[in-house]
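For reference, the structure discussed in these notes is given below.
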Amino acid sequence: MSTSAETLARTGGKHISHVLFSEEQIARRVRELGEQITREIPEGEDILVLGLLKGSFIFVSDLVREIRRPIEVDFLIVSSYGGGTESSGEVQLLYARQASIEGKHVILVEDIVDSGTTLNRLIPMLEKRGPKSLEVAALLHKHIAKEMVRDAKWVGFDCPQEFVIGYGLDHSEKYRHLPFVGVIEP
Ligand code: IMP
Ligand code: MG
């Protein structure tokens, strides 16, 4: 695939081997997810959209604008990957406002469900804080996780088993700002 000059300017000359989900495809799908969430979340109750930083920051900002309900937005910081492309299996909760979860319907927003480790570790931690309900919205899902405490209720796209970047997803903190999801050349 030939990488556009615009993309090369953003990657610093690194080529994209293929685009999996274009900017337009993502925008359409995020709008659908927002409509679906609007229909399916309980009316007249406290809703908290909780984004998992940093990977979900673009997805959260697009998704919340498609949810036609009163909501609060907050973020969690967890760290599960080092600099590489392999999961270390460790999940650390680095920031989470204790008071913000209790009694609320929480929509946890993930960029991608890969091994499922992050959600498997995080969901029990959050459940202890007494949310009224807790469901997951994920932009991408690799469907390789064997056993999940709770699978995502809302999923944007099924993702092939490749290391993907863009639309919030990074490789060693780079490429988060690409407007599409793709695979970078090695
Ligand atoms: P899991 O715990 O293995 O499900 O992965 C959780 C986190 O790993 C995601 O929220 C991402 O931040 C990161 N991750 C997993 N797969 C990819 C990928 O293909 N590209 C970039 N980040 C990824
Ligand atoms: Mg990452």
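We number each residue from 1, following the sequence as shown.
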| query | Charged N to carboxylate O under 4.0 angstrom, R39 versus E35? | reply | no
| said: Main chain of F21, side chain of R29: is a donor-acceptor contact present, judged purely on distance under 3.5 Å? | reply: no
| task | For H177, check ring-ring contact (aromatic ring centres under 6.0 Å, His included) against everything at least two apart and list the hits. | result | none
Going by atom type alone, with no hydrogens or angles, which donor-acceptor pairs under 3.5 Å involve a side-chain atom of residues 49-65 and a protein atom two or more places apart or on another chain?
unit_1	atom_1	unit_2	atom_2	d
K54	NZ	E173	OE1	2.8
S56	OG	L52	N	3.1
S56	OG	L52	O	2.8
S61	OG	F57	O	3.3
S61	OG	I58	O	2.9
D62	OD1	R65	NH2	2.9
D62	OD2	Y167	OH	2.6
R65	NE	S61	O	2.8
R65	NH2	S61	O	3.3

| query | Are L178 and F163 connected in a single hydrophobic cluster, I mean Ile/Leu/Val/Met/Phe/Trp/Tyr linked by side-chain heavy atoms less than 4.5 Å apart? | reply | yes
| task | Please test D170 against I165 for side chain to side chain contact (heavy atoms under 4.5 Å, CB included), starting from the C-alpha separation and ending with a verdict. | result | CA-CA 5 Å; D170 72 307; I165 49 88; 5.8 Å; no
| task | Return yes when atom CD of E40 has more than 12 non-hydrogen atoms of other residues, nucleotides or ligands closer than 6.0 Å, and no otherwise. | result | yes
| query | What's the verdict on salt bridge (charged side-chain N to carboxylate O under 4.0 Å, His left out) for R28 and E32, showing C-alpha distance, side-chain angles and the deciding distance? | reply | CA-CA 6 Å; R28 257 198 312 276; E32 287 172 2; 6.0 Å; no
| request: Evaluate the side-chain proximity of I71 to D46: yes if any heavy-atom separation is below 4.5 Å, no if none is. | output: no
| said: Between M148 and I144, is there shared hydrophobic-cluster membership here, with clusters defined by ILVMFWY side-chain heavy atoms closer than 4.5 Å? | reply: no
| message | Between R69 and T38 (side chain of the first, backbone of the second, donor and acceptor by atom type, cut-off under 3.5 Å), is there such a pair? | response | yes
| query | Mind checking whether L134 and V136 sit in one hydrophobic cluster, side chains of I, L, V, M, F, W, Y counted as touching below 4.5 Å? | reply | yes
| In Å and rounded to the nearest 0.5 Å, what is the CE to CG distance from M125 to N120? | 11.0 Å
| message | Just so I know, are the side chains of K132 and P42 near enough to count as touching, which here means a heavy-atom distance under 4.5 Å? | response | no
| field | V149 side chain reached by I123 side chain, heavy atoms, under 4.5 Å | value | yes
| query | Between CZ of R150 and CG of L108, what distance do you get to the nearest 0.5 Å? | reply | 10.0 Å
| remark: Sequence neighbours excluded, the answer for salt bridge (Lys or Arg N to Asp or Glu O under 4.0 Å) partners of R68 is E66
| field | Heavy-atom closest contact (C159 atom, I112 atom, distance) | value | SG-CD1, 4.2 Å
| E127 and P131, any side-chain heavy atoms less than 4.5 Å apart | yes
| field | Short side-chain to backbone donor-acceptor contact, S17 and V183, under 3.5 Å | value | yes
| request: Kindly compute the distance separating CH2 (W154) from CD1 (I37), expressed to the nearest 0.5 Å. | output: 5.0 Å
| Distance flag, aromatic centroids of H141 and F157, threshold under 6.0 Å | no
| query | Is any side-chain heavy atom of E110 less than 4.5 Å from a side-chain heavy atom of L119? | reply | yes
| Can you check side chain to side chain contact (heavy atoms under 4.5 Å, CB included) on I107 and L48, steps first, answer last? | CA-CA 6 Å; I107 302 173; L48 172 68; over 6 Å; no
| query | Are V106 and V78 grouped together when hydrophobic residues (ILVMFWY) are joined by side-chain heavy atoms under 4.5 angstrom apart? | reply | yes
| request: Search all heavy atoms of T117 against all heavy atoms of S115 and return the closest pair with its distance. | output: OG1-OG, 2.6 Å
| Test item: E162 and K142 side chains (from C-beta on) under 4.5 Å apart, heavy atoms | no
| message | For D158 and H143: C-alpha separation, side-chain torsions, deciding distance, then whether side-chain hydrogen bond (donor to acceptor under 3.5 Å, both in side chains) applies. | response | CA-CA 7 Å; D158 295 340; H143 296 289; 2.7 Å; yes
| task | May I have the step-by-step check of side chain to side chain contact (heavy atoms under 4.5 Å, CB included) for V181 and V19, ending in yes or no? | result | CA-CA 6 Å; V181 171; V19 171; over 6 Å; no
| request: Check whether any side-chain heavy atom of E185 sits under 4.5 Å from a side-chain heavy atom of I16, and report yes or no. | output: no
| query | Could you walk me through whether K104 and E72 pass the salt bridge (charged side-chain N to carboxylate O under 4.0 Å, His left out) check? | reply | CA-CA 10 Å; K104 292 175 184 166; E72 285 175 45; 3.2 Å; yes
| Transitively linked via ILVMFWY side-chain contacts under 4.5 Å: I184 with L8? | no
| Residues L140, L20; criterion side chain to side chain contact (heavy atoms under 4.5 Å, CB included); working and verdict | CA-CA 11 Å; L140 305 169; L20 287 166; over 6 Å; no
